[in-house]
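Lettering follows sequence order; numbering is per chain, from 1.
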Amino acid sequence: MQIADLPIAPALAACYAEKGIRALYPPQADCVEKGLFEGNNLLIAIPTASGKTLVAEMAMHHHIGRGGKCLYIVPLRALANEKYDDFSGKGVRVGIATGDFDRRDDYLGRNDIIVATSEKVDSLLRNKTNWLSEVSLLVLDEVHLIDSPDRGATLEMVITKLRHKNPAMQIIALSATIGNPESLAGWLDAELIESEWRPVDLREGVYYHGCIHFPDNDRPVERRTKHEDLDLCLDTISENGQCLVFVSSRKNAEAFAKRAAAGLKLESPVLTGYAESIRSKADTDTEKTLAACVAHGAAFHHAGLKKEERRIVEQGFREGAIKVISSTPTLAAGLNLPARRVIIRDYLRFNSGEGMVPIPVREYRQMAGRAGRPHLDPYGESVLIAKGEEMIDELFDCYIEAPAEDVRSQCANEAVICSHILSLIATGFAREHDELTAFMEKTFYAASSESPAILKRAVHRVLEFLRESEMILEVGEWIEPTEYGSLVSRLYLNPWSAERIATTLPRVDGYSDIGLLQLLCTTPDMPTLYVRKNDAYYLDKFIAEHGEELWTEIPWHADEGFERSLKTALLLNDWANELGEEMICERYGVGPGDVYAMVESVNWLIHASRQLAGMFAPELAKSIEEMELRMKHGIRPELLPIVRLRGIGRVRARRLFNNGFTSLDAIRSAGPEKLGRILGQGIAAQIFEQLEGKRDAIGEEPADQQSTLFHFG
DNA sequence: GTGTGGCGCGTCTAGACAGCATGTC
DNA sequence: CTAGACGCGCCACAC
């Protein structure tokens with residue numbers, strides 16, 4: 001089937017022609033035949049990199065051409081950015097909405113395509129965003145994630161809500177290969193397109209003892225080092241290919257990259273450039289190690305790295321300068337970063353409570369599917385490493401030839417639907433019991449499960465909780481949100497978190513930073529740090545010296561949850577007291593990327609608890625707001641006035657303060673020259689411009705805060 | 001005294017969404 | 001309540 005024969009705009013066809021795309025791949029043609037352009041719902045379950053995005057894009061342009069609006073839902077922010085770039089520059093207006101980046105909501109609605117994470121869409125629904133009802137085409141990327149225990153229910157509820165709102169909307173669901181596609185397609189009223197076809201041939205094998213066993217033949221691998229995983233890598237690189245190695249822990253990823261760097265010994269100006277751009281900003285050991293590896297053509301990739309560092313690694317690999325990346329599952333789920341050979345070294349992963357568990361087949365496929373760069377590699381290879389001879393067959397059975405797992409709804413889990421039930425009530429999707437039941441009948445759970453009683457019981461218990469915590473009122477058949485419940489829904493807060501915060505704040509005997517932070521860290525919305533053996537010492541010491549500052553009860557016996565919350569709170573407290581990144585990472589055994597992730601999470605929770613304080617403990621609102629600002633910048637209280645200036649953050653504010661510029665007045669009266677000696681003339685001039693221009697605005701800011709603070713009082 | 005290698009044991013273990021309002025070094 | 005790698009302390013040994 002030729003692109004030219006399709007009912008798509010000439011401009012888009014020209015874009016494709018320019019990239020050399022003239023004909024559709026067989027599965028893509030299948031989509032057209034099954035009614036892609038006739039408004040049929042489709043569930044497309046085909047391997048990664050076999051052209052799902054193109055199908056979605058053609059459908060979106062088709063809708064836009066007829067005045068429609070498209071919403072493209074992705075599971076990750078990084079993916080949202082990637083898709084945003086993909087879709088931009090082709091004659092349509094594209095917007096992006098994720099937690100860390102969005103255009104103003106009303107403005108967002110003026111776009112033809114909006115790319116968003118599922119949580120962001122949920123949040124937009126809760127805040128009654130008007131343009132959502134104009135969506136005529138919904139694209140669901142990676143729908144199989146509907147069975148993720150922690151986030152799947154959100155996706156399922158968002159889909160159900162959007163269908164409820166726009167019954168005529170077309171749905172295109174993109175999925176990895178799954179065990180029960182009929183079931184999912186049935187729920188979506190969708191035509192099913194299934195295929196194993198790939199544009200680049202994929203050969204899946206198992207390595208053992210100097211040889212890769214493929215289904216039809218074997219391939220010897222030269223033993224060059226004492227590490228088999230490294231031999232496999234060097235084998236590919238000697239044929240001018242690149243390698244992606246998946247391992248089970250960060251430590252393993254770093255250790256492998258070091259070995260690979262030592263084995264490769266590559267050197268080039270490009271590599272030196274990349275290494276230098278990492279090293280120049282490197283504060284921590286992790287970052288220095290990364291720079292050293294990159295200099296020799298190897299790298300590691302995990303969530304402890306900053307976004308910028310991950311970006312450099314990805315770019316270096318795409319350009320071909322970096323030959324090997326050893327990675328935790330960060331890269332498996334995320335970006336499109338193909339390689340000639342994928343080595344799945346660790347197929348067991350630690351799981352607290354269960355020990356080492358084999359990774360799911362679907363995840364194996366996800367990683368293996370990364371092998372083979374279209375148009376660049378003659379074929380792709382994915383290799384599992386067998387530890388013993390008997391494992392060869394077992395790995396073939398359990399992964400290469402195994403059927404993919406079924407996708408199952410997570411909606412019967414009380415813990416995850418609590419938030420969604422509240423939002424249904426708060427947003428008016430369900431105003432009485434029957435409506436709520438009717439809505440839940442439309443979920444994938446109801447469509448696929450044989451035990452409706454479980455869902456019914458979960459909903460019942462959730463309602464009980466919401467009623468008792470006074471987030472909803474039940475009057476006969478009617479259910480109404482309270483002002484509190486409505487606030488919790490809009491803040492996108494887990495009701496359990498909200499209840500914990502709202503019941504603790506009024507009982508607090510005086511504000512304390514650590515009290516607030518530790519409370520927030522006991523909340524299910526806050527990820528907490530793993531407590532190691534030698535953390536016990538300083539945790540105990542802290543409790544002995546500052547225990548009375550805590551707002552939650554100190555348990556009598558060792559309690560993992562409590563220890564984790566306290567350790568995490570101490571990290572955040574160190575950040576807000578300007579402890580250096582290097583020190584924080586060393587003290588708590590985390591990477592710089594983790595620090596940012598935790599600060600970001602707690603910022604959101606601090607913001608939410610300030611709102612809750614407005615309602616339940618107004619006397620604390622002022623202090624919490626101050627903490628919100630301090631945490632955002634990572635500063636002690638005395639820098640608060642200075643950091644209001646644009647271009648001034650953690651580091652510059654501290655430098656100013658230590659040089660006697662302790663307030664805006666002090667800066668103003670010192671004059672631009674003196675200031676310039678400390679920060680450089682450029683920034684000094686820019687600051688004085690602000691001081692001149694906004695003299696009144698800045699001066700009045702404290703009064704301004706007061707008025708908004710007690711908004712809920 | 002110093003550098004190197006081997007052994008045994010204890011320790012530790014992936015990821016990442018959301019609010020709000022715009023700009024760190 | 002699981003598997004395996006890493007890294008430390010310790011010791012033996014060579015120079």
K.L.:
Is there a side-chain contact between A:T117 and the phosphate of B:dA18, meaning an N or O under 4.0 Å from OP1 or OP2?
P.N.:
yes
K.L.:
Would you say a side-chain N or O of A:R259 is under 4.0 Å from OP1 or OP2 of C:dC6?
P.N.:
yes
K.L.:
Does a side-chain N or O of A:R646 approach OP1 or OP2 of B:dG23 to a distance below 4.0 Å, or not?
P.N.:
yes
K.L.:
At under 4.0 Å, does any side-chain N or O of A:T328 touch on OP1 or OP2 of B:dG15?
P.N.:
yes
K.L.:
Closest nucleotide of DNA chain B for A:Y492 versus for A:E363: which of these residues is on the 5' side?
P.N.:
A:E363
K.L.:
State whether A:S123 places a side-chain N or O below 4.0 Å from either non-bridging phosphate oxygen (OP1 or OP2) of B:dG19.
P.N.:
yes
K.L.:
Check the angle between the aromatic planes of A:Y364 and A:Y399 and answer parallel, tilted or perpendicular using the 30° and 60° thresholds.
P.N.:
tilted
K.L.:
Does A:R532 make a side-chain N or O approach to OP1 or OP2 of B:dT13 shorter than 4.0 Å?
P.N.:
yes
K.L.:
Quick one: is B:dC12 close enough that its OP1 or OP2 comes under 4.0 Å of any side-chain N or O from A:N534?
P.N.:
yes
K.L.:
With a 4.0 Å cut-off on N to O distance, would you call A:K306 and A:E287 a salt bridge?
P.N.:
yes
K.L.:
Between A:P527 and A:R655, which residue's closest nucleotide on DNA chain B lies nearer the 5′ terminus?
P.N.:
A:P527
K.L.:
Taking OP1 and OP2 of B:dC17, is either one under 4.0 Å from a side-chain nitrogen or oxygen of A:R151?
P.N.:
no
K.L.:
For A:K120 and B:dG19, is the shortest distance between a side-chain N/O and OP1 or OP2 below 4.0 Å?
P.N.:
yes
K.L.:
Between A:R77 and B:dA18, is there a side-chain N or O to OP1/OP2 distance below 4.0 Å?
P.N.:
yes
